[in-house]
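Worksheet for the structure shown next.
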Amino acid sequence: MTIHYGVLKCKVIGRRQGTRENPHYQLHVEAGGTHYRIAINVKSQLSPSELLYYTDEHFEHEVTGDLPGLPVGFTHLESKPGGMALDYIRGNLFDRRNMVPLAFEVPGHDNDLNGKLEMYMKRAMECSDAVLYAYGDVWGPEPKQPDSVFGFIPGNGLHDIHMNQGNAGLRIKDNGVYQDGGLLLHFPPSNRWIAIFLAFQSQSWHTEDTTGNPIHLDHKAISGAAGYVQGKGLLHTEHSIYIVGAVVKPALPTDYETVTLLNVTDRSLDLTRWSIANKFKRKYPLTGKIEPGQYLTVALTLPGYSDFLRQRGDIITLLDARGLKVHGVSYTRSQVRSGWTIRF
C-alpha cells in the first residue's frame with residue numbers, strides 16, 4: 001500500500017469517543033497553529049470485531065531518542081528500516097502475546113477501548129507539557145471542507161493508527177512494511193513515555209519483508225531446526241529461543257560485542273542458517289547448536305561486524321532458517337555501559 005505515512009507531533013486539545021454509527025475514537029489536536037483530527041479505529045468491520053490492544057506506561061525503545069528533535073507538525077517517514085518508522089513485527093516494540101482483544105463499548109468503568117483511550121488522552125490534555133506523536137496516514141488540507149467531527153477549517157487528519165500489514169483478501173492492498181500506526185505520549189518533565197498499539201485480530205503476524213503480505217507456512221516442510229510436530233500441533237520456532245542479554249560496548253578495544261541466547265525448549269536446536277539482525281536489517285550468521293535449557297553467548301567476531309550494535313540504541317532480532325522472527329528486543333542509549341551486559 002502506498003500511503004502518506006509519517007508521524008504527527010502535536011498537542012491534544014479535544015476528544016470524542018467512538019459510537020456504533022462511527023466506531024472511531026476521535027482526537028482534536030493542534031500542531032503549530034494547524035488543526036488535525038486523528039481517527040482511531042475502535043472496532044473492526046471483520047469478525048472478530050474487537051481490536052487487539054496493548055499499552056506500555058513506561059515505554060523504552062530506541063525510536064524515542066529521535067522523536068523530541070522533530071519539528072512540530074507532520075513529518076513524512078520513509079517505510080524502510082533504520083529510521084523512525086514503526087513496524088510491529090520487525091521493530092521489537094512489544095511482545096505481541098501481551099495484546100488483548102478489547103471491545104469498544106462495554107458497560108462499566110475503564111473496561112473497553114473507548115475508556116482506555118479516554119484515560120490517556122484526558123491525562124495528555126491535563127498536562128501542559130505532554131506531547132503526542134501519532135503515527136499513521138495523513139490527509140488534507142481540505143481548504144473548503146470543514147472537519148466532519150470538530151468543524152475546523154481547513155480539514156486535516158490522520159488515520160490508520162494501527163498495524164498496517166498482514167491483511168488478507170480484499171484488504172491485502174493495505175499491506176506494507178515499516179508503516180504501522182500507533183500513539184506515543186511523551187511527558188518531558190519526567191521523560192516518561194506511554195505507548196499505545198492497536199491491531200486487528202484478522203491480521204497475520206508473519207509477513208513478507210517487501211510487501212507486508214501474510215506468509216503462509218508450509219507445516220509439512222517445517223522440521224528439525226525450524227520446529228517440530230508435537231502431537232497434532234506445530235511447535236513453531238517463535239519464542240523457542242530468547243535473547244536475554246547483550247554487551248554493546250566492550251570494555252576493551254580487543255573485546256567483541258556479544259548476544260546471549262536461552263533455549264527454553266526441551267530439545268537441542270540447530271542454529272545453522274539462523275541469524276541475528278539489527279535495526280538496519282543487517283544479519284550476523286549463526287552456526288552450531290544450543291542445548292535444551294542452556295544459554296549460548298554469541299561473540300560477534302566475524303570480520304566486518306564491528307559496531308554491529310549501535311551504542312546510541314538499537315534493536316536485536318533473532319531470525320530462524322526461514323528468516324522468520326523468533327524473538328526480538330530493543331535497548332536505548334541510557335542502557336549502554338562499558339563492559340556491562342544489558343539484561344532483557
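This chain uses plain numbering: 1 for the first residue, then up along the sequence. Keep in mind it's a predicted model, so treat the numbers as computed, not measured.
In this structure, W193 has its ring center at least 6.0 angstrom away from the ring center of H58. The six-membered or imidazole ring of H28 lies near that of F152, with a centre-to-centre distance under 6.0 Å. The ring of Y88 has its center closer than 6.0 angstrom to the ring center of F94. Checked against the 6.0 Å centroid criterion, the rings of Y5 and H76 do not qualify as a close aromatic pair.
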Give every donor-acceptor pair under 3.5 Å between a side-chain atom in residues 291-305 and any protein atom, sequence neighbours left out.
residue : atom : partner : partner atom : Å
E291    : OE2  : S268    : OG           : 3.4
T297    : OG1  : T260    : OG1          : 3.0
Y305    : OH   : K283    : O            : 3.0

Inset, instruction - Output, in order, the C-alpha distance, side-chain angles, deciding distance and verdict of side chain to side chain contact (heavy atoms under 4.5 Å, CB included) for V264 and I241. - result: CA-CA 6 Å; V264 298; I241 300 178; over 6 Å; no
Inset, instruction - Could you give me the CA-CA distance, side-chain angles and deciding distance for E238 and R96, then say whether salt bridge (Lys or Arg N to Asp or Glu O under 4.0 Å) is met? - result: CA-CA 11 Å; E238 187 177 17; R96 68 179 179 89; 2.7 Å; yes
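With hydrogens and angles left out, the side-chain atoms of Q165 and D180 include a donor and acceptor closer than 3.5 Å. Under the 3.5 Å distance criterion, with hydrogens and angles disregarded, a donor-acceptor pair is assigned to the side chains of N92 and K325. Inspection of the T207 and N213 side chains reveals no N or O donor paired with an N or O acceptor under 3.5 Å.
Side chains of F197 and D56 form no contact here, defined as non-hydrogen atoms less than 4.5 Å apart.
For E257 (side chain) and D307 (main-chain N/O), a donor-acceptor pair under 3.5 Å exists by modelled atom type.
Counting only residues at least two apart or on different chains, the side chain to side chain donor-acceptor pair (under 3.5 Å) pairs with a member in residues 242-256 are R97-Y242.
A salt bridge links D209 to K281: at least one charged side-chain nitrogen sits closer than 4.0 Å to a carboxylate oxygen.
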